[in-house]
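The structure under discussion appears below in the form of structure tokens.
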Amino acid sequence: MQGNREEFSSRLGFLLAATGSAVGLGNVWGFPTNTADNGGAAFVAVYFVLAFALAYPALMAELVIGRHTRANICTALQQISPPGTGRKMAGFAGFYAIIVASAILVFYTLVAGWMLAWLIAAVCTAIGLGDMATWFASSSLWRDILCAGIFAVFTVAVVSSGVHHGIERWSSRLLPSLLALLLALIAYVLFQPGALEGLRVYLVPDLSRLLEPQLLVSAMGQAFFSLSLGVGTMLVYGSYLSKDENLPAIGAMVTAVDCLVAFLAGLLIIPAMFVAQQLGITIYAGDALIAGPDLIFQVLPALFESMGLAGIVIAIAFFALMSMAALTSSISILEVPVALAVEKTPFTRPRASWMIGSAIFVGTVLVSVFFDRLFGWVVTVTTQYSQPLMGIALCLFAGWAMNRNQLLAEIRSGYDNVENSVFWKIWPFYVRLICPLLIAATFIQSVFL
Ligand code: PHE
């Protein structure tokens, strides 16, 4: 199996796929929402610091383990662990990450289905199918299941076509398109009346909030989710990366682009809210800006509606952007369990993809049916608890299970002279001790807040 393992065809291919995984609903929805919730630019500043100080080193840990072992996360962690109990535990840790990835995909598919529903609604409005538009824009169990199902089929279809022909090809198409849409939407919104007030709220920090523990915790959770960490996604993508590539540089690029897109999304959403306010739409709930689903499915649609014909085009562009962002992420999540199945069972990739995709979709249906009881719980357990904990575990695996020579050899491949770089002077020590301690400290705060 190892001999004919697929690889990304080029550095750009990997960059587009990994950035596509990172850039998702977390950037376009989660980041602006968290910013609105946590004092505007104060949150943005803390987020950028944490993204580079905590998330980047953890991302490097995943990429290094992945490329070194060239395997799915279970086999990878076992391979670098000492035989005996250590190896067994490593297998469990890998399997746990796969379960968490699958659980994330369960709720991600549902939310992505909502984006698709609003996209279909906007298209129906454009072609004069008013009743259908109303159905797709009104929340109902059947709508949710139908649209999540369509989204799940897209996800599985891409993953079943393989790393090169599926994941890389579709990420390369969708990511540039979504960036173009994002820039066009920002350019339009920033020239509307009210936008400058939004820009002020977004960019002028409320310094009194800077040291609030809640802000730190939200920023860390957001950074881990946004960079797709702690569930093996980046490890698995790293396992398909050529030995000629410079890992620290590539990891830094993925982190930078992810931050940039999050920042740009804020530049769209927050000013758009203030444009909506000018048009008489309520954007505050009490003292705070409206966040969460009400922001995306009430404030913004009300804004689009009040813009007449232009609003229909903008709505189509906006929900297409959301759906594309979601798809390049969901394929990376599905790849985590699929990689294990392809490498460890006799199933072919298409068969494994459809089987695992169907099982996850059953989870999505359950979460839709018992939404009030299950949705918040699954989101909290996976993103607030499991992702940081597995993030710590993966740093420890890279820092302690792999020895210094293995680490150096892995990073040197594609980066001559790495011994003299700042990265090599800091990272190995940082990933062994500082990074896990910092993540743990923030995590403990989040549990006791
Ligand atoms: N990073 C994706 C986003 O921002 C979500 C994601 C989480 C993807 C975990 C892969 C793994 O939406």
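Basis for what follows: all heavy atoms, side chains included, without hydrogens, waters or symmetry-related copies. Position 1 is the first residue of the sequence; numbering continues from there. Atoms within each ligand, like the ligands themselves, are counted from 1 in listed order.
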### Task
Carefully, step by step, assess Tyr237 and Phe8 under the rule ring-ring contact (aromatic ring centres under 6.0 Å, His included).
CA-CA 9 Å; Tyr237 272 18; Phe8 288 107; 5.5 Å; yes
### Query
Step by step, would you call Phe263 with Tyr202 a ring-ring contact (aromatic ring centres under 6.0 Å, His included)?
CA-CA 10 Å; Phe263 180 75; Tyr202 185 42; 5.5 Å; yes
For a distance cut-off of 3.5 Å, show me each N or O of ligand 1 paired with any protein N or O, plus the separation.
| residue | atom | partner | partner atom | Å |
| --- | --- | --- | --- | --- |
| ligand 1 | 1 (N) | Ser21 | O | 3.2 |
| ligand 1 | 1 (N) | Ala22 | O | 3.1 |
| ligand 1 | 1 (N) | Phe225 | O | 2.8 |
| ligand 1 | 1 (N) | Ser226 | O | 3.0 |
| ligand 1 | 1 (N) | Ser228 | OG | 3.1 |
| ligand 1 | 4 (O) | Ala22 | O | 3.0 |
| ligand 1 | 4 (O) | Gly26 | N | 3.3 |
| ligand 1 | 4 (O) | Asn27 | OD1 | 3.4 |
| ligand 1 | 12 (O) | Leu25 | N | 3.1 |
| ligand 1 | 12 (O) | Gly26 | N | 2.8 |
| ligand 1 | 12 (O) | Tyr108 | OH | 2.6 |

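The main-chain N or O of Ala71 is never found under 3.5 Å from a side-chain atom of Glu343 such that the two would form a donor-acceptor pair. At least one donor-acceptor pair under 3.5 Å links the side chain of Ser413 to the backbone N or O of Lys243.
With respect to the salt-bridge test (charged N to carboxylate O, under 4.0 angstrom), the residues Glu7 and Arg70 qualify.
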Going by atom type alone, with no hydrogens or angles, which donor-acceptor pairs under 3.5 Å involve a side-chain atom of residues 250-262 and a protein atom two or more places apart or on another chain?
| residue | atom | partner | partner atom | Å |
| --- | --- | --- | --- | --- |
| Thr255 | OG1 | Gly251 | O | 2.8 |
| Asp258 | OD1 | Asn27 | ND2 | 2.8 |
| Asp258 | OD1 | Ser226 | OG | 3.2 |
| Asp258 | OD2 | Ser226 | OG | 2.8 |

